[in-house]
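Only one structure is covered here, and it is reproduced in the block below.
Because only heavy atoms are used, hydrogens play no part in the values below, and waters and symmetry mates are left out as well, while side chains stay in.
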Amino acid sequence: MFQIRLHGRGGQGVVTAAEMLALAGFTEGHKAQAFPSFGSERTGAPVVAYARLAQKEIRLREPILEPDVVLVQDRTLLECVPVFSGLKPEGYVLINSSQTPEALGLADLVKSLPAGHVMTVPATQFALDALGRPLPGAGMLAGFAAQTGMMKLKSVQDAYAVKFAGRIAEANAEIARLAYEYILGQKEKINA
């Protein structure tokens, strides 16, 4: 089972991103599950959502305490929420930021995980450019797909096309493409 924990703030589409991740995984033949965990339900409050992908039926229903992947949609959470708690030794981290992980003060985390397992992607900027709103979900999921190889870009784009239509679906497809290509470019630099 592959377990993903998504951290963000209310209003950033964290719950939708978890649902889209599960849907994208399902279209690729995985058993999938997604669910949120709310504290205070208000815009700007920290929000956590979870997704699981597996080859067989998923019976677990509890929060993910030992994630394989941590997706951080708001980098300000790095200072106030233990987003990396329980991360597996071979885990992946993707942070929504235009800064490098080292510039965010995560040099020790980068050193503790395999090369390419801690990355950043400017998903909010891609969303603002394509959608006009700071909703980084599609970019984060496509970045996750490129970073881990767990799913195809098309699966992420198709998941958003199921939930949204017209210009919104097209904008999310573009956000996903930009993030996917950005992460692939970062991986090439790391492996060079």
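Among residues two or more places apart in sequence or in another chain, the salt bridge (charged side-chain N to carboxylate O under 4.0 Å, His left out) test is passed with Glu57 by Arg59. The ring-ring contact (aromatic ring centres under 6.0 Å, His included) search around Phe35 returns Tyr50, not counting sequence neighbours. Listed by chain and number, the residues in a ring-ring contact (aromatic ring centres under 6.0 Å, His included) with His30 amount to none (sequence neighbours excluded). Scored by the ring-ring contact (aromatic ring centres under 6.0 Å, His included) test, Tyr180 finds no partners at all (sequence neighbours excluded). Taking the side chain to side chain donor-acceptor pair (under 3.5 Å) definition, one finds that Asn172 meets it with nothing, sequence neighbours left out. For the salt bridge (charged side-chain N to carboxylate O under 4.0 Å, His left out) test, residues two or more places apart in sequence or in another chain that qualify with Glu181 are Arg177.
Residue pairs meeting the ring pair (Phe, Tyr, Trp, His ring centres under 6.0 Å) criterion with at least one member in residues 2-26, sequence neighbours excluded, do not occur.
Here Met1 sits in one hydrophobic cluster together with Ile58, Leu60; the rule is ILVMFWY side chains under 4.5 Å apart, joined directly or through other members.
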Candidate pair Arg75 and Ser98, rule side-chain contact (heavy atoms from CB on, under 4.5 Å), full reasoning:
CA-CA 10 Å; Arg75 70 172 187 79; Ser98 58; over 6 Å; no
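The distance from atom CD1 of Ile4 to atom CD of Gln33, rounded to the nearest 0.5 Å, is 10.5 Å. The structure places OG1 of Thr124 at 7.5 Å from CD of Gln73, a figure rounded to the nearest 0.5 Å. Here CZ of Arg52 is found 12.5 Å from CG of Leu21. Values are rounded to the nearest 0.5 Å. Taken from NZ in Lys31 to CD in Gln55, the straight-line distance is 9.0 Å, to the nearest 0.5 Å. Rounding to the nearest 0.5 Å places CZ of Phe84 at 11.5 Å from CG of Asp108.
Between Phe144 and Tyr92 the shortest side-chain heavy-atom distance does not fall below 4.5 Å. Between Glu174 and Leu178, the closest side-chain pair of non-hydrogen atoms falls below 4.5 Å. You'll find the side chain of Pro101 stays beyond 4.5 Å of the side chain of Leu109, heavy atoms only. At a threshold of 4.5 Å between non-hydrogen side-chain atoms, the residues Leu106 and Ile95 count as touching.
Smallest separation of non-hydrogen atoms from Ala32 and Leu53: CB-CD2, 3.9 Å. Summarising the geometry of Ala24 relative to Ala159, their closest heavy-atom pair is N-CB, 3.9 Å, with the distance given to 0.1 Å. Across all their heavy atoms, Leu94 and Gly143 have their closest contact at CD2-C, 3.6 Å. Heavy atoms only, all atoms of each residue included: Gly139 and Ala179 are closest at O-CB, 3.2 Å. Contact between Arg5 and Pro82 at its shortest, heavy atoms only, is NH2-O, 4.3 Å.
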Using residues 11-19 as the side-chain source, report each donor-acceptor pair under 3.5 Å to any protein atom, sequence neighbours left out, with the distance given to one decimal.
residue : atom : partner : partner atom : Å
Gln12   : OE1  : Arg9    : N            : 2.7
Gln12   : NE2  : Asp74   : OD2          : 3.4

I'd like a table of donor-acceptor pairs (distance under 3.5 Å, sequence neighbours excluded) in which one partner is a side-chain atom from residues 62-72, with atom names and distances.
residue : atom : partner : partner atom : Å
Asp68   : OD1  : Lys88   : NZ           : 3.3
Asp68   : OD2  : Gln3    : N            : 2.7

Which donor-acceptor pairs under 3.5 Å do the side chains of residues 149-158 make with protein atoms, sequence neighbours left out?
residue : atom : partner : partner atom : Å
Lys154  : NZ   : Asp158  : OD1          : 3.2
Lys154  : NZ   : Asp158  : OD2          : 2.8
Ser155  : OG   : Glu28   : OE2          : 2.5
Gln157  : NE2  : Ala173  : O            : 2.9

Using a 3.5 Å cut-off and no angle test, enumerate the donor-acceptor pairs between side-chain atoms of residues 128-138 and protein atoms at least two apart in sequence or in another chain.
residue : atom : partner : partner atom : Å
Asp129  : OD1  : Gln125  : NE2          : 2.8

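At distances below 3.5 Å, not a single donor-acceptor pair connects side-chain atoms of Lys163 with backbone N or O atoms of Ala169. Formation of a donor-acceptor pair under 3.5 Å by the Gln186 side chain with backbone atoms of Met119 is not found in this model. Panel note: side chain Asn96, backbone Ala123; a donor-acceptor pair is recorded below 3.5 Å. In this structure, the side chain of Thr120 engages the main chain of Gln99 through a donor-acceptor pair within 3.5 Å.
Val81 and Val47 fall into different hydrophobic clusters, where Ile, Leu, Val, Met, Phe, Trp and Tyr side chains are chained together by heavy-atom contacts under 4.5 Å. Met140 and Val83 end up in different hydrophobic clusters when Ile, Leu, Val, Met, Phe, Trp and Tyr side chains are linked at under 4.5 Å. Criterion: ILVMFWY side-chain heavy atoms under 4.5 Å apart, direct or through other members. Under it, Leu104 and Val121 are not part of a common hydrophobic cluster. Under the 4.5 Å side-chain heavy-atom criterion for grouping Ile, Leu, Val, Met, Phe, Trp and Tyr, Val48 is not connected to Leu78 through any hydrophobic cluster. In the hydrophobic cluster analysis, where Ile, Leu, Val, Met, Phe, Trp and Tyr join through side-chain heavy atoms closer than 4.5 angstrom, Ile183 is grouped together with Phe126.
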